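Residue numbers begin at 1 in each chain, while the letters A, B, ... track the order of the sequences. What you see is a predicted model; the values in this text were computed from it and never measured. Side chains are part of it too, since the values below use all heavy atoms of this structure and drop only hydrogens, waters and symmetry mates.
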Amino acid sequence: MKAGILVFPGINCDNDLKLVLNRVYNFQTEFLWHTNSFKVEHDIYFVPGGFSYGDYLRSGAMASRSLSLRSLKDAVSKGIPAVGICNGFQILTEASLLPGALVKNKTLKHIARWENLSAEGLFKNNFTEDYALPISHSEGNYLCDDNTLKELIENEQIIFKYKKNPNGSTENIAGIASKDYKILGLMPHPERAVFEAKDWPKNNANFGKLFFDFIFSKIYS
Amino acid sequence: MRFTGVVTVNFKKSVLEPQGQAVLLSLKETGHENVSLVRVGKHIEVVIEAENKEDAYDKISKIAEELLYNPVMETCEIQILNEAR
């Protein structure tokens with residue numbers, strides 16, 4: 001498998017993703033810089049977390065108008081999957097590849113901690129009861145109009161909900177999918193929960209791996 | 001000719017705007033109890049070459065739609081000043 005990782009100035013989770021994809025899944029990876037369009041020759045694309053363009057104007061706004069995003073739109077129109085994490089999720093909504101928008105946390109604070117999640121939609125029953133992932137964002141408050149929310153629920157497009165809402169997110173939404181599940185967007189960081197760290201709760205390192213295992217074996221197999 | 005357009009972007013009334021809420025709280029705490037609403041938005045100045053005022057408005061509207069505001073959560077108002085500052 002060959003994965004394309006889109007990189008913008010200010011993105012900081014690109015190497016975390018590369019490490020996971022290379023070491024754990026043996027993927028070939030290629031960084032795709034925002035100023036260039038790219039040839040659609042990858043099996044999957046990732047839009048990583050960080051602060052693209054310093055989060056100026058709106059988080060994800062400028063990145064969503066870049067040349068590489070035009071190529072990404074081309075790729076997803078051909079049915080190639082794309083996964084946006086954190087700032088990547090914000091970029092995908094700004095690019096209208098996923099519905100809704102992510103606005104400032106209700107508390108106005110940047111929140112960085114583990115959050116318990118419940119898996120929904122096609123993800124339901126594939127994750128543990130105590131499932132959790134780290135979040136780290138200032139703008140993770142998911143917002144959409146009533147019609148969009150109705151569609152998300154009816155089409156089972158919500159993939160993760162926070163068990164305890166940290167940021168004011170509509171319907172406790174932490175992650176969503178496009179109708180056909182080819183595009184995923186989530187605020188929590190599975191790529192940060194794959195390798196063990198000393199001060200983490202026991203077993204949590206496995207949680208990030210569960211996410212990637214699931215999408216590679218069930219969603220994009 | 002060069003024109004300056006002032007683009008005012010604010011959150012839709014239906015969106016809870018936490019910065020405005022925080023400022024409102026601060027104002028109330030400092031005795032301004034007559035204030036009932038504060039919304040913090042963005043003021044964006046764009047200097048542009050255009051044929052005339054209408055043309056400048058059209059061009060800046062297009063820019064606003066393309067990048068400056070997100071209709072999912074924001075509203076946008078454009079005012080064209082006579083000449084570039």
[X] versus chain A, the contacting section by heavy-atom distance below 4.5 Å:
X        : answer
Glu74(B) : side chain
Val9(B)  : neither
Leu16(B) : side chain

Take atom [atom1] in [X]; do more than 12 heavy atoms of anything else shown fall under 6.0 Å from it?
X         : atom1 : result
Glu41(A)  : CD    : yes
Lys109(A) : NZ    : no
Asp146(A) : CG    : no
Phe31(A)  : CZ    : yes
Lys179(A) : NZ    : no
Lys150(A) : NZ    : no

For Met73(B), the option from Asn141(A), Leu143(A), Asp145(A) that meets side-chain contact (heavy atoms from CB on, under 4.5 Å):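 With Met73(B) as partner, Asn141(A), Leu143(A), Asp145(A) yield a single side-chain contact (heavy atoms from CB on, under 4.5 Å), made by Leu143(A).
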What's the shortest heavy-atom distance between Ala101(A) and Asn70(B), and which atoms?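 Answer, listing the atom of Ala101(A) first, then Asn70(B): CB-ND2, 4.0 Å.
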Of the non-hydrogen atoms in Ala22(B) and Leu108(A), which two are nearest, and what is the gap between them?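 For Ala22(B) versus Leu108(A), the nearest heavy atoms are CB-CD1, 3.7 Å.
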Assess whether side chain to side chain contact (heavy atoms under 4.5 Å, CB included) is satisfied between Ile44(B) and Leu57(A), documenting all intermediate values. CA-CA 10 Å; Ile44(B) 304 166; Leu57(A) 197 61; 3.9 Å; yes
Please flag which part of Asn105(A) lies under 4.5 Å from any non-hydrogen atom of chain B: side chain, backbone, both or neither.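 When you check distances to chain B, only backbone atoms of Asn105(A) fall under 4.5 Å.
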